[in-house]
Amino acid sequence: MHIHRHVRPSRLFFYLSLLVSLIIWPLGSLAQTESARSLFSENKASILQIRIIDITSGSKSAIGSGFVIESDGLIATNYHVLQLAASEPGQYRIEYSAADDSTGDLQLVDVDVVNDLALLQTQDTMPSPLPLAMVEPDMGSPLFALGNPLDLGLTVVPGTYNGVNQTSYHPRVHFTGSLNAGMSGGPTLSETGEVVGINVSTAGNQVSFLVPVKALHNLRAEHRARGQGVSDFTQRIGEQLKADQADKFSRLFALEWPTMSLGSAQVIAEIVPFAKCWGGSNSASEKAQFRSADRTCRSEDNIYLSGGFNTGVMEYQFFWLEADKLNPMQFYAYYERLFGDFAPGNKGSEEDLGEYRCDSQFLALAENRNSDSRKSKNIFCVRAYKDFPDLYDVLFLHGTVDASRAAFISHFTLAGVSQNNAKRFVQRFLGVAKWPS
Amino acid sequence: MAVIIEVLGWGGKRKQFYRLDGPSIAIGRSYQNDVVLGDAHVSANHLRLDLVNDGWQVTDLQSLNGVEILKRGHLEATANPSTELIIGSGAEIKIGRTRLRIVNEHQPVDEAKRLHRLEAGLNGLNRWSVWLPIAILAISVDILSLYLSSFVEWQWKNIVMPVLLSQAILMLVAGVFGILGRFLREESHFLGHYSLLLIAGALFSVGEALFNVAGYNFNAPIFDVFVIPLFGLLLLGLLLSAMLALASNLLPRQRWSTSLGFVILLLVVSMASRLADWGEFSAYPDYFSGLEVPSLHFTDGASLDDYTGSLDDLFTEADRTMEDQKVRTKKNN
């Protein structure tokens with residue numbers, strides 16, 4: 001009995017808490033559907049479908065979403081939604097389609113390619129603008145993404161706020177919810193109906209990304225200060241890319257670059273928040289005739305410029321090779337094969353880029369005056385951007401050539417970098433990533 | 001004055017000849033003739049040649065397929081050129097499918113062709129005792145270079161095919177030249193051709209390796225894209241000339257123009273195929289990736305500051321390339 005007395009209340013507590021949780025749980029989801037329902041009905045008028053119309057054929061070439069942010073008819077969307085119209089204004093026009101099926105023309109007034117944002121203006125009377133949030137939501141708070149997925153009509157997608165992604169240089173909100181094509185440029189709202197981000201991309205399986213609303217605040221402020229639309233978008237985009245790389249590299253150069261070892265070499269580890277690293281080796285392979293280990297670090301900061309052209313990516317890569325069962329001739333035959341196999345990290349075509357020009361030189365680098373120098377073969381390739389002066393894609397490749405049974409390869413590609421930053425990067429890179437003699 | 005009737009074969013080469021005296025010569029398929037031919041298209045009594053002054057009068061004996069005069073030969077000015085049926089020394093006629101040349105005994109002949117300086121040496125190659133060591137050496141070099149460039153687990157079975165295949169190709173080429181020689185010079189020199197091919201192949205491998213080392217040391221991709229292909233073509237020209245010397249009776253001038261002509265043809269074809277790609281945009285850098293083992297590296301390296309300083313020129317070049325492309329695409333539009 002003595003024991004019973006003690007057990008009963010706890011069991012009761014268990015049943016009670018179970019009951020409570022059963023009641024609260026459906027209530028919670030009920031609240032969520034309720035707020036989704038009200039958010040949808042309250043805000044659907046301010047959310048538009050953005051259509052890019054091919055003037056000659058009269059049909060739509062691309063669709064996305066947008067939303068009203070000013071009562072005078074200023075509309076926000078993604079740059080990538082209307083990139084076609086921005087680069088070929090003679091071929092495309094932009095129009096909106098509202099929830100009440102009304103349509104009208106839109107003028108592009110400003111862009112922020114780095115954050116994939118654009119501002120459009122309409123002369124038509126628009127419903128009330130959506131308020132932009134001033135503070136960051138709490139981790140785990142429910143969010144609601146709105147847009148026109150796959151041209152199916154206005155849709156609401158519930159999800160969760162997972163903070164600003166710390167692993168990329170350009171901040172993106174990690175949103176747990178399914179964004180689909182066509183929702184790009186639509187708003188993601190908090191429960192109180194404030195815009196916390198702009199739908200931009202998805203990694204699939206409920207992992208989606210939003211442009212933080214802060215970038216939209218900035219772009220709107222710049223637009224207000226100017227007081228009129230941008231006249232030369234190529235120049236505007238060029239300035240944004242130039243400024244972005246200047247800021248990125250000055251932050252990068254100010255940091256201490258962490259190192260780690262790869263074979264006998266010292267390589268660069270993850271420079272947070274610029275790059276994520278992966279690595280591998282063939283040590284598990286019994287048939288391998290040589291030993292190799294590699295490490296690849298890559299920034300995920302792809303700036304979309306057009307369907308065939310992106311920039312901003314930084315990639316660095318290291319290989320440690322040991323001859324093991326191979327003789328020096330065989331080892332160098334493999335080494336040469338590997339050395340000839342490097343490619344740029346970004347995508348581009350003749351419309352946007354000049355061809356690569358390459359240079360090949362031997363370097364003899366020493367730790368200090370008293371130490372022996374290590375000889376290496378160095379390839380440096382550059383291609384110039386056609387529309388944006390002093391921006392280049394750079395590919396650098398360094399391979400030691402003074403050891404007959406081991407080799408250290410280091411390599412980086414920088415997309416959209418200025419001449420000075422590229423040169424500073426080589427100096428810094430070779431100073432940190434090295435195989436001391 | 002004796003007259004010589006030559007029966008001509010492929011390329012105007014004499015197959016057989018008749019030396020005859022007398023004022024009149026009968027030609028046909030029947031055995032009564034002075035010149036008896038086996039050609040089924042020649043009539044039994046086809047034609048008659050009668051000596052007149054310093055030429056011969058041709059009389060068609062109502063043959064089925066007639067007489068075609070290909071060359072009238074050398075006629076004295078006294079002869080009446082309008083008389084078509086008079087032919088002189090050196091004349092060529094065709095009856096049926098047979099070509100005949102008619103000359104008198106005073107007809108001059110070509111100068112004797114000097115035997116090629118290397119004839120004796122080239123003949124020397126046509127022996128098993130010479131070919132075998134060359135072949136063993138060449139195949140060993142082949143296997144060695146395959147071995148030294150292999151970085152996967154070495155298996156002998158993997159090299160049997162490439163080695164046999166390359167030897168089969170060489171054998172085929174040597175065979176073609178052998179047949180040519182058999183035909184033109186009555187000797188095939190198969191092993192001689194085979195040895196020449198092996199020697200040329202070995203020379204190319206050695207030259208290629210040396211040029212690669214030079215290109216690597218001077219960081220000069222020109223060796224890769226220009227010098228080595230040119231060296232290969234030059235070697236091919238030499239090889240062809242030597243093989244033609246062995247297989248044909250061409251004069252040196254003809255032999256060199258034939259082999260160099262072939263090389264130039266190859267050059268033009270390869271340049272044309274490159275020209276087709278010229279101006280095509282490539283999104284990938286074309287850099288010089290050649291590497292050699294440290295013991296073949298003789299040049300020094302630059303310092304880091306000199307290096308980064310030198311890169312400015314490369315940026316300028318990239319700008320110029322881009323500007324050139326802009327101009328070109330504008331033109332195309």
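Per chain, numbering begins at 1; letters A, B, ... match sequence-line order. Model, not experiment: these values are computed from the prediction.
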If I measure from the heavy atoms of chain B, does [X] come under 4.5 Å with its side chain, its backbone, both, or neither?
X	result
A:Leu353	both
A:Tyr385	backbone
A:Phe290	side chain
A:Ala366	neither
A:Tyr392	side chain
A:Phe425	neither
A:Lys386	both
A:Arg424	neither
A:Asp359	both
A:Leu395	side chain

Does any N or O in the side chain of [X] come within less than 3.5 Å of the main-chain N or O of [Y], such that one atom is a donor and the other an acceptor?
X	Y	answer
B:Tyr287	A:Leu397	no
A:Arg383	B:Ala283	yes
A:Lys287	B:Val152	no
B:Gln325	A:Glu355	yes

Step through the shown structure and confirm whether more than 12 heavy atoms of other residues, nucleotides or ligands are within 6.0 Å of [atom1] on [X].
X	atom1	answer
A:Met329	CE	no
A:Glu256	CD	no
B:Phe262	CZ	no
B:Ile222	CD1	no
B:Phe218	CZ	no

Exercise for review: Look at B:Gly290, B:Ser303, B:Gly309 and state which one has the largest set of heavy-atom pairs under 4.5 Å with chain A.
Suggested key: B:Gly290

Tell me, do [X] and [Y] make a side-chain contact under 4.5 Å, heavy atoms counted?
X	Y	result
A:Gln289	B:Trp154	no
A:Gln427	B:Tyr307	no
A:Asn327	B:Tyr147	yes

Point to revise | Which of A:Asp390, A:Val394, A:Asp341, A:Ile379 touches chain B most, by non-hydrogen pairs under 4.5 Å | key: A:Ile379

Practice item. Pick whichever of A:Lys325, A:Glu351, A:Lys375, A:Arg337 has the most heavy-atom pairs under 4.5 Å with chain B. Key: A:Lys375

Review point. So which bits of residues 291-302 of chain B come within less than 4.5 Å of chain A, counting non-hydrogen atoms only?
Key: B:Leu291, B:Glu292, B:Val293, B:Pro294, B:His297, B:Thr299, B:Asp300, B:Gly301, B:Ala302

By a 4.5 Å heavy-atom criterion (distance strictly below it), what part of [X] contacts chain A: side chain, backbone, both, or neither?
X	answer
B:Leu148	both
B:Glu280	backbone
B:Ser282	both
B:Asp286	backbone

[X] to [Y] - nearest heavy-atom pair and separation:
X	Y	value
B:Asn217	A:Phe362	O-CE1, 3.5 Å
B:Ala318	A:Ala384	O-CB, 3.8 Å
A:Pro344	B:Tyr284	CD-CD2, 3.8 Å

Distance (rounded to the nearest 0.5 Å) between [X] [atom1] and [Y] [atom2]:
X	Y	atom1	atom2	result
B:Phe288	A:Gln361	CZ	CD	13.5 Å
B:Ser150	A:Tyr334	OG	OH	13.0 Å
B:Met322	A:Asp387	CE	CG	9.0 Å

Practice item. Please say whether the positively charged group of A:Lys423, taken as NZ for Lys or CZ for Arg, lies over the ring of B:Phe315, i.e. under 6.0 angstrom from the six-membered ring centre and within 45 degrees of the axis. Key: no

Check your understanding: Under the side chain to side chain donor-acceptor pair (under 3.5 Å) criterion, do A:Gln419 and B:Asp312 qualify, and how do the steps go?
Key -> CA-CA 8 Å; A:Gln419 181 170 344; B:Asp312 285 329; 2.7 Å; yes

Point to revise | Side-chain donor-acceptor contact under 3.5 Å, A:Gln330 with B:Ser149 | key: no

